[in-house]
Undergrad: 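Pasting a structure here, questions to come.
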Amino acid sequence: ILNVEQSPQSLHVQEGDSTNFTCSFPSSNFYALHWYRWETAKSPEALFVMTLNGDEKKKGRISATLNTKEGYSYLYIKGSQPEDSATYLCAHYGGSQGNLIFGKGTKLSVKP
Amino acid sequence: GAVVSQHPSWVICKSGTSVKIECRSLDFQATTMFWYRQFPKQSLMLMATSNEGSKATYEQGVEKDKFLINHASLTLSTLTVTSAHPEDSSFYICSAKDRLGRLAKNIQYFGAGTRLSVL
């Protein structure tokens, strides 16, 4: 994998449903994996920065896991709420230039 | 904390004019700021890295004479799209890294973006 790939592209769930999406990234020269939450007309907001293989981070109802050997991360949302509706971006930080390489994002819509 | 303000949020201009976009870190100092561009249904693509007091580093394929970047202070970077044409219409967004590193692990703090429409 040369780029950062996210799936699905979009997701529609009902309030209360739990959901998850995937980020795939190059497993070589790994330094960090970032997750951002981006609401329409607002600034992307950092959710997690993950660096260690097997790492799991949690923030309220949102959690993320990381597998650097196989190059993927999962983001989980438990009991989705309408306010969780946003685009979730992941970005691979390669380290050499300090640049983030972004995926196209997963757009989540939570219906009340 | 860690707020980045970007202005304007929306601009419409005539072909051939220049447009300046400002990116300010409001409550922290940013040695490095980044400028990204996003076309519809595509990912954020890095255009250039802006370092305070030095010339910006442009990504391959980005014309430095077209997209002028100035980072004259630790809290302000500007992107000027010179002689804009319809193909420059896009969403431009900046981000900044905290100079002091208190905000861990190279997190970038983003502005809300600028939508540029060139007629």
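We name chains A, B, ... by the order of the sequence lines, and we start the count at 1 in each one.
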Undergrad: Test of understanding: clusters of I, L, V, M, F, W, Y form through side-chain heavy atoms closer than 4.5 Å, transitively. Do A:Tyr93 and B:Ile93 belong to the same one?
TA: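 Same cluster.
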
Undergrad: Do the side chains of A:Leu100 and B:Tyr36 get nearer than 4.5 Å, heavy atoms only?
TA: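 Sidechains of A:Leu100 and B:Tyr36: in contact.
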
Undergrad: Closest approach of B:Val4 and A:Ser43, non-hydrogen atoms and distance?
TA: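 Scanning both residues, the minimum pair turns out to be O-OG, 4.4 Å.
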
Undergrad: Evaluate whether atom NZ of A:Lys78 has more than 12 neighbouring non-hydrogen atoms of other residues, nucleotides or ligands under 6.0 angstrom away.
TA: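 It does not: A:Lys78 NZ has 12 such atoms or fewer within range.
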
Undergrad: Please tell me whether B:Phe110 and B:Leu116 are part of a single hydrophobic cluster in this structure, the criterion being side-chain heavy atoms less than 4.5 Å apart.
TA: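 In one cluster: no.
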
Undergrad: With a 4.5 Å heavy-atom cut-off, do B:Ile107 and A:Tyr36 have their side chains touching?
TA: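 B:Ile107 vs A:Tyr36: side chains touch.
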
Undergrad: Got a sec, which residues hit side chain to side chain contact (heavy atoms under 4.5 Å, CB included) with B:Ser18, two or more places apart in sequence or on another chain?
TA: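 Result, side chain to side chain contact (heavy atoms under 4.5 Å, CB included) vs B:Ser18: B:Thr80, B:Thr82.
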
Undergrad: Same hydrophobic cluster for B:Val118 and B:Trp10, using side-chain heavy-atom links shorter than 4.5 Å among ILVMFWY?
TA: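 No, separate clusters.
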
Undergrad: Please output the residues of residues 103-112 of chain A in contact with chain B, using a heavy-atom cutoff of under 4.5 Å, in numerical order.
TA: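 Residues in range: A:Gly103, A:Lys104.
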
Undergrad: Just to be sure I understand the criterion: a residue of residues 39-47 of chain B counts if one of its heavy atoms is under 4.5 Å from a heavy atom of chain A. Which ones qualify?
TA: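 So the qualifying residues are B:Lys41, B:Gln42, B:Ser43, B:Leu44, B:Leu46.
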
Undergrad: Could you look at B:Gln6 and say if it's the side chain, the backbone, both or neither that has a heavy atom under 4.5 Å from chain A?
TA: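 It is neither, since no heavy atom gets under 4.5 Å.
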
Undergrad: Would you mind checking which part of A:Ala41 comes under 4.5 Å of any heavy atom in chain B, side chain (CB onward), backbone (N, CA, C, O), both or neither?
TA: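 Backbone of A:Ala41 only, per the 4.5 Å heavy-atom cut-off to chain B.
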
Undergrad: Assess whether atom CD of A:Gln9 is packed by more than 12 heavy atoms of other residues, nucleotides or ligands within 6.0 Å.
TA: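 Not buried by this count: 12 neighbours or fewer within 6.0 Å.
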
Undergrad: Are A:Val49 and A:Tyr31 connected in a single hydrophobic cluster, I mean Ile/Leu/Val/Met/Phe/Trp/Tyr linked by side-chain heavy atoms less than 4.5 Å apart?
TA: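 Result: yes, single cluster for both.
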
Undergrad: Are B:Tyr92 and B:Met33 joined in one hydrophobic group, where the rule is that I, L, V, M, F, W and Y side chains link up if heavy atoms are under 4.5 Å apart?
TA: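 No, B:Tyr92 and B:Met33 fall in different hydrophobic clusters.
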
Undergrad: Suppose the criterion is ring pair (Phe, Tyr, Trp, His ring centres under 6.0 Å): which pairs have a residue in residues 43-80 of chain A, not counting sequence neighbours?
TA: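 Listed by first then second residue: A:Tyr72-A:Tyr74.
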
